[in-house]
Amino acid sequence: MYRAEKYPNFDLEKFYQFLNSELLYLVEYEDEWLAALSNAAALLHHQLADINWVGFYLIKNGLLLLGPFQGKPACSSIVVGNGVCGQSAMRRETILVPDVHLFSGHIACDTASQSEIVIPLMKEGQLYGVLDIDSPSIGRFGPADQVGLEAFVATLMEHVSWEKVVF
Ligand code: SME
């Protein structure tokens, strides 16, 4: 069973190593993508300090559709190319936004959000969606968060049953 304990005062590298090992525990033997992504969102929400929204948008017919998340209700669909999520999906690269007010086209689902990181969900050249995390603080996410969260997504891409994702 997941123990849901907060981590001690780790440095960021250690924090993300530990987070990744907890994620592996949650998803390694989970056949259901919906259960795996729901627990991944819950784990991030529980362990990441200073965030107000975390969740997945998954691709369907060229649209990013809202998937498992934690936080306030959000936009249910985003056109690829729009907002930070749509730009990340289109460019197929992580986008780190220190101040959302300075990102042209940012979509404000929660007005509390001040900074954001979006990581594309890619496997063998195919895009499955994005992981989006918002913070109420300017500059919340730095390069070490990007490295740690990209490793988190790599674990998801390896262990979630992406081939079964259907809406
Ligand atoms: N801010 C995102 C939209 C999704 S919400 O933050 C949950 C964007 O600009 O794509």
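Each ligand, and each atom within it, is numbered from 1 in the order the structure gives.
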> Heavy atom under 4.0 Å from ligand 1: found in Phe103's side chain, backbone, both, or neither?
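Within the 4.0 Å criterion, Phe103 makes no contact with ligand 1.
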
> Between Asp134 and Arg140, is the closest basic N to carboxylate O distance under 4.0 Å?
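Salt bridge between Arg140 and Asp134, a charged N being under 4.0 Å from a carboxylate O: no.
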
> Heavy atoms only: give me the nearest Leu65-Ser77 pair and the separation to one decimal.
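Scanning both residues completely, I find the closest heavy atoms to be CD2-CB, 3.6 Å.
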
> Report the nearest protein non-hydrogen atom to atom 10 (O) of ligand 1: residue, atom name, distance rounded to 0.1 Å.
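Ranked first by proximity to atom 10 (O) of ligand 1 is Cys85 N, 2.8 Å.
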
> Which residue supplies the protein heavy atom nearest to atom 2 (C) of ligand 1, what is that atom called, and how far is it?
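Looking at atom 2 (C) of ligand 1, the protein heavy atom closest to it is Glu116 OE2, 3.1 Å.
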
> Side chains of Ser113 and Asn52 only: does a donor on one sit below 3.5 Å from an acceptor on the other?
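The answer is yes; a qualifying pair exists.
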
> If you define the side chain from C-beta out and look only at heavy atoms, does anything of Leu19 sit under 4.5 Å from Leu44?
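They are in contact (side-chain heavy atoms under 4.5 Å apart), so the answer is yes.
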
> Hey, is Gln87 touching ligand 1 through its side chain, its backbone, both or neither, going by heavy atoms under 4.0 Å?
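The answer is neither; Gln87 stays 4.0 Å or more away.
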
> Between ligand 1 and Phe69, can you find any atom pair, the residue atom being a heavy atom, that is separated by under 4.0 Å?
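Contact absent.
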
> Tell me whether the rings of Phe18 and Phe10 are parallel (<30°), tilted (30 to 60°) or perpendicular (>60°).
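Rings of Phe18 and Phe10: tilted, as their planes differ by 30° to 60°.
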
> For atom 8 (C) of ligand 1, grab the closest protein heavy atom and report residue, atom and distance to one decimal in Å.
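That would be Val84 N, 3.3 Å.
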
> Near Cys109, which atoms of ligand 1 are under 4.0 Å from a heavy atom of that residue?
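Close to Cys109: 3 (C), 4 (C), 5 (S), 7 (C).
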
> How would you list, by chain and number, every residue that makes a side-chain hydrogen bond (donor to acceptor under 3.5 Å, both in side chains) with Asn82, sequence neighbours excluded?
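Once residues adjacent in sequence are excluded, Asn82 has no partner under the side-chain hydrogen bond (donor to acceptor under 3.5 Å, both in side chains) criterion.
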
> Can you confirm whether Glu93 is buried at CD, in the sense that more than 12 heavy atoms of other residues, nucleotides or ligands lie under 6.0 Å from that atom?
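Count over threshold, so yes.
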
> Indicate, as side chain, backbone, both or neither, the part of Asp132 found under 4.0 angstrom from ligand 1 when only non-hydrogen atoms are considered.
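The side chain, only.
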
> Against heavy atoms of His106, which atoms of ligand 1 measure under 4.0 Å?
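With His106 as reference, the close atoms of ligand 1 come out as 1 (N), 9 (O).
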
> Taking atom CD of Glu32 as the centre, does the number of heavy atoms from other residues, nucleotides or ligands within less than 6.0 Å exceed 12?
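No - once you tally the heavy atoms of other residues, nucleotides and ligands closer than 6.0 Å, there are 12 at most.
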
> Is it the side chain, the backbone, both or neither of Asp134 that has a heavy atom closer than 4.0 Å to ligand 1?
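Side chain only.
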
> In terms of atom number and element, which parts of ligand 1 are under 4.0 angstrom from non-hydrogen atoms of Trp53?
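Answer, ordered by atom number: 7 (C).
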
> Counting heavy atoms only, which of Val79, Ile107, Leu64 is nearest atom 3 (C) of ligand 1?
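Closest candidate by heavy-atom distance is Ile107.
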
